[in-house]
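Data first, discussion second: the structure below is written as structure tokens.
Source: prediction; values computed, not measured.
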Amino acid sequence: MDDPFPIEKCSGRVRGAVLAEFQGRCPTIREVASISDAQWLTVPNIGPTTLEEIRRYIGEAPVEERLSNLPTMEDGELLSRLNRVQRELSLIASAIRTRIASATFKREQRK
């Protein structure tokens with residue numbers, strides 16, 4: 001996770017967005033992974049497809065490594081993490097609904 005994010009493997013759009021987000025420097029995989037999906041979706045040029053590409057490179061870290069501390073977490077910590085993930089999911093769903101509504105509105109305007 002502390003290795004450099006494989007920016008050279010990314011598409012130009014993802015490369016530009018990641019570099020812009022980190023003020024021109026190549027971040028570590030951990031730094032990129034620490035940004036929630038909801039936050040990424042607010043970055044210019046990041047949409048569901050580019051976010052999927054980012055997550056694909058982050059996903060190269062073994063699942064066991066990312067989840068290794070879960071068995072030792074207290075119930076309150078797990079509940080807090082669950083609530084955070086649910087909020088992020090809600091923000092993502094809202095962003096998707098907004099994009100769909102905007103695209104529908106634009107299509108209707110062209111008619």
Side-chain angles (χ1 to χ4, degrees):
M1 291 294 279
D2 292 321
D3 290 336
F5 183 75
I7 198 94
E8 70 283 349
K9 293 181 181 178
C10 298
S11 67
R13 175 175 264 180
V14 170
R15 187 177 314 122
V18 169
L19 290 174
E21 183 67 13
F22 289 92
Q23 292 77 44
R25 71 175 178 82
C26 184
T28 65
I29 294 171
R30 182 182 311 279
E31 288 175 308
V32 175
S34 71
I35 298 177
S36 71
D37 289 353
Q39 288 173 300
W40 273 120
L41 289 172
T42 65
V43 173
N45 293 322
I46 295 289
T49 303
T50 50
L51 180 60
E52 183 180 315
E53 183 179 343
I54 289 170
R55 293 297 174 211
R56 189 170 49 241
Y57 290 115
I58 291 170
E60 291 176 359
V63 174
E64 296 81 20
E65 181 181 317
R66 289 180 292 170
L67 301 177
S68 63
N69 63 340
L70 285 180
T72 61
M73 293 176 77
E74 297 292 323
D75 289 348
E77 290 175 286
L78 286 170
L79 186 57
S80 176
R81 183 177 277 197
L82 173 63
N83 288 334
R84 187 176 65 245
V85 169
Q86 287 175 327
R87 282 192 306 272
E88 286 180 20
L89 181 60
S90 178
L91 287 170
I92 292 167
S94 178
I96 291 170
R97 282 192 294 275
T98 300
R99 285 180 183 229
I100 290 171
S102 175
T104 302
F105 179 76
K106 287 178 184 176
R107 251 185 309 206
E108 290 175 1
Q109 291 291 329
R110 284 187 243 150
K111 289 182 182 178

Original post:
Is there a side-chain contact between Ile92 and Trp40 (heavy atoms, below 4.5 Å)?
Top reply: no
Original post:
Does Glu53 have any salt bridge (charged side-chain N to carboxylate O under 4.0 Å, His left out) partners at least two apart in sequence or in another chain, and if so, which?
Top reply: none
Original post:
Within the distance-only criterion (no hydrogens, no angle test), does the side chain of Thr104 pair as donor or acceptor with the backbone N or O of Ile100 below 3.5 angstrom?
Top reply: yes
Subject >> Results of side chain to side chain donor-acceptor pair (under 3.5 Å) for Asp3 - residues two or more places apart only >> reply: none
**OP:** Give the minimum heavy-atom separation between Cys26 and Leu19, together with the two atoms involved.
**Re:** N-CD2, 4.2 Å
Original post:
Parallel under 30°, tilted from 30 to 60°, perpendicular over 60°: which one fits the rings of Tyr57 and Phe5?
Top reply: perpendicular
**OP:** Measure the spacing between OG1 of Thr42 and CD of Glu21 and express it to the nearest 0.5 Å.
**Re:** 7.0 Å
Original post:
Mind checking whether Ile35 and Leu91 sit in one hydrophobic cluster, side chains of I, L, V, M, F, W, Y counted as touching below 4.5 Å?
Top reply: no
**OP:** Identify, with sequence neighbours excluded, every residue that meets side chain to side chain donor-acceptor pair (under 3.5 Å) alongside Glu88.
**Re:** none
Original post:
What heavy-atom pair brings Ile29 and Pro4 nearest, and what distance separates the two atoms?
Top reply: CG1-O, 3.9 Å
Original post:
Short question: side chain of Ser102, backbone of Arg99 - any donor-acceptor pair under 3.5 Å?
Top reply: no
**OP:** Please answer: with hydrophobic residues joined when any side-chain heavy atoms are less than 4.5 Å apart, are Leu51 and Leu89 in the same cluster?
**Re:** no
Subject >> Flag side-chain contact, heavy atom, 4.5 Å: Asp37 against Arg55 >> reply: yes
Subject >> Where Pro27 and Val32 come nearest, the two heavy atoms and their spacing >> reply: CG-CG2, 3.4 Å
**OP:** Write down the atom of Glu31, the atom of Arg25, and the distance for their closest heavy-atom approach.
**Re:** OE2-NH2, 2.7 Å
**OP:** Return yes if some donor-acceptor pair links the side-chain N/O of Thr98 with the main-chain N/O of Ser94 below 3.5 Å, else return no.
**Re:** yes
Subject >> Arg30 side chain to Asp2 backbone, donor-acceptor under 3.5 Å >> reply: no
Original post:
Between Thr50 and Val43, is any pair of side-chain heavy atoms under 4.5 Å apart?
Top reply: no
